[in-house]
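What follows is one structure encoded as structure tokens, with my remarks underneath.
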Amino acid sequence: MSKCLGIYIEEYLIKYAKVSKEHDNIKVETFGVMFYDKISDAIKQIIEETYSQKIPISINISDEMYNYFDMFSLLTKNDLQKAIKTEFDAYCSEKGYNPNVFETRYAIIDNQLDKEKIKIIHISENKIEINKRIQQFDGYKLTNVSPTAMSVPNLIDTDNSGNCVIVNIEEKTAITTIIDNKIFNIDVIEKGSTDFLTKINIKENSYSKSYEICKNTTIYTSEGKELQEVETSYLEDIMPTLFEIVEETKKIIDQNTEKISKVYITGTGALINNVDLYFQEYLQDTNCEILKPYFIDNTKDVSIKDYIEVNSAIAIATMGIGEGIEGMNFKKQTFMDNVPDWLKVEIGGNSSNSKYKGGLLTWDLGQKLDRVETNLIRSVFSILILIVVYCAFSGLIANQINKKEEEANNSISNTNNQISLANRDNEKIKTKTNEYTSLIKSIQDANEKLALRNKTKNAIPNLLNQIMSIIPENVQLISIENTNNTHIAINAKSNKYEQLGYLKAKLKTDVILTNVTSTAGQQEQDNVIIVKIEGDLP
């Protein structure tokens with residue numbers, strides 16, 4: 001069974017409730033309201049009266065800020081945290097705040113307007129204020145510090161409530177909107193119970209009496225009885241504040257894209273008689289009722305209104321037993337906060353006089369130990385705890401190492417398979433490359449032969465036409481031969497050597513042939529000279 005003492009604190013007033021949980025059954029064991037002048041004395045008295053010296057204590061934070069950021073839903077956890085920090089830093093820069101003075105938490109919800117994004121409810125509180133509140137519980141087992149507005153939804157059965165709004169009228173008023181069983185939005189109104197209690201206190205000069213007057217005041221609807229003068233004097237202090245709250249609630253409901261089926265009213269303001277009927281007159285299309293914790297049955301011994309009076313404290317206590325949204329605890333956890341109760345040791349002369357018997361190792365030694373014995377036993381159990389913690393961490397680390405090794409081996413195996421496939425593909429590419437290279441060379445050779453064939457196809461006829469236009473009258477061609485590709489050999493004769501030289505010169509100068517050469521000439525009978533002229537087609 002887990003237990004927690006929930007303490008809701010505001011100026012002059014503390015609400016408290018001790019809650020236990022066994023399996024899924026939640027029970028409120030004791031509760032109450034206390035007015036104080038010195039808060040430390042009040043806290044001590046509450047803890048002693050509820051026998052809560054050794055059980056976890058959960059309290060509320062005050063003056064927290066709520067901001068809302070839209071983020072892409074595909075961001076990783078680390079990227080999301082960085083993006084949220086960037087958005088909050090930008091907000092602080094705009095407002096002139098130092099972001100380092102705030103302790104922050106956030107909750108992630110679906111974005112109703114854009115399915116590719118998520119909505120972030122970002123809560124921030126001044127670290128100095130948190131530390132002040134924590135110091136007030138020095139020496140006690142304070143384990144949870146949470147915002148009340150994020151805790152109150154723990155009191156309703158969200159599965160059966162549909163889309164609803166919770167109006168918590170405490171020192172300030174927090175309006176929590178719940179859509180699809182999840183907290184969707186929180187609006188904080190500066191107006192709250194402090195406003196009308198302060199006004200009544202001016203008349204009565206007693207905050208506790210003002211609180212009782214508030215509980216006994218009745219709001220009469222348009223069909224109600226005629227009011228007495230005394231009742232009117234208190235209602236004129238209460239009604240302006242309630243009117244502003246109900247107007248703001250109506251505005252929130254009207255602006256919401258989803259239909260709100262129910263409004264729950266809780267907090268000090270819910271103690272005013274007929275306040276739900278007053279809300280109903282303004283919110284005609286929405287069912288309005290006082291918030292009753294879903295896990296509390298009607299009892300003959302205790303009025304349900306007494307439970308409703310401490311709803312905020314009950315909600316804070318449920319956070320301490322593990323209910324509600326995770327990650328809303330603004331208290332940094334110490335080593336001892338995480339040590340299970342069964343490992344905690346209480347040593348004393350007579351354990352029957354102790355109010356705490358939660359630890360497994362509670363000893364009754366029959367007599368008071370001296371300092372040496374006490375220190376020795378403490379050392380032994382400190383070593384025992386260290387061994388247990390070391391073994392737990394060693395096992396956790398070994399398990400993580402084994403998982404990482406398995407992941408690494410799988411990754412190596414996958415990588416080797418991919419490398420093998422890549423090598424196989426590379427060999428195929430090389431084979432295809434060689435085939436393509438051979439085909440390209442064959443095509444190039446064929447193109448060269450085709451080009452040469454085209455080039456020499458009409459070369460001889462053209463050459464003959466050109467030679468006919470330049471050949472001297474006394475020169476006769478014996479033969480023209482295409483000896484190799486574009487190489488031409490011409491055998492010519494003449495009885496005049498200079499005529500043969502002229503022919504050679506014209507072949508060269510008119511670029512009919514290139515690289516023109518000739519033999520020295522051979523004289524035959526009848527003074528005929530034969531010359532062989534060679535050259536290449538241009």
Open item on the list: Taking side-chain hydrogen bond (donor to acceptor under 3.5 Å, both in side chains) as the definition, give me every residue that meets it alongside Asn154, ordered by chain and number, with sequence neighbours left out.
Closed with: Thr318
Open item on the list: Just to verify, what does Pro240 make a side chain to side chain contact (heavy atoms under 4.5 Å, CB included) with, not counting sequence neighbours?
Closed with: none
Task: Any side-chain heavy-atom pair of Ile245 and Thr249 under 4.5 Å - done: yes
TODO: For Phe69, enumerate each residue passing the ring pair (Phe, Tyr, Trp, His ring centres under 6.0 Å) test, keeping only those at least two apart in sequence or located in another chain.
DONE: His122
- [ ] Just do the side chain to side chain donor-acceptor pair (under 3.5 Å) check on Gln280 and Gln284 with the steps written out, would you?
- [x] CA-CA 6 Å; Gln280 192 68 67; Gln284 297 179 358; over 6 Å; no
TODO: Could you tell me if the ring centre of Phe31 sits under 6.0 Å from that of Tyr307?
DONE: yes
Open item on the list: Strictly below 4.0 Å, N to O, side chains only: are Lys259 and Asp285 in salt-bridge contact?
Closed with: no
- [ ] In plain terms, say whether Glu125 and Lys127 are close enough for a salt bridge, that is, a side-chain N and a carboxylate O under 4.0 Å apart.
- [x] no
Open item on the list: Just to verify, what does Phe243 make a ring pair (Phe, Tyr, Trp, His ring centres under 6.0 Å) with, not counting sequence neighbours?
Closed with: Tyr282
Open item on the list: With a 4.5 Å cut-off on side-chain heavy atoms, are Leu396 and Gln400 touching?
Closed with: yes
- [ ] For Ala315, check side chain to side chain contact (heavy atoms under 4.5 Å, CB included) against everything at least two apart and list the hits.
- [x] Ser151, Val152, Leu155
Task: Ionic contact status for Glu309 with Lys215, cut-off 4.0 Å - done: yes
Task: Presence of salt bridge, Lys15 and Glu170, under 4.0 angstrom - done: yes
Task: Electrostatic pair Lys21-Glu323, nearest N-O below 4.0 angstrom - done: yes
Open item on the list: For Asn311 and Thr266: C-alpha separation, side-chain torsions, deciding distance, then whether side chain to side chain donor-acceptor pair (under 3.5 Å) applies.
Closed with: CA-CA 7 Å; Asn311 270 348; Thr266 183; 3.0 Å; yes
Open item on the list: Strictly below 4.0 Å, N to O, side chains only: are Lys117 and Asp110 in salt-bridge contact?
Closed with: no
Open item on the list: If you define the side chain from C-beta out and look only at heavy atoms, does anything of Phe102 sit under 4.5 Å from Phe88?
Closed with: yes
Task: Set of residues satisfying side chain to side chain contact (heavy atoms under 4.5 Å, CB included) with respect to Asn201, sequence neighbours excluded - done: Tyr207, Ser210
- [ ] State whether Glu244 and Lys250 are salt-bridged, where the test is any N-O pair (Lys NZ or Arg NE/NH1/NH2 against Asp/Glu carboxylate O) under 4.0 Å.
- [x] no
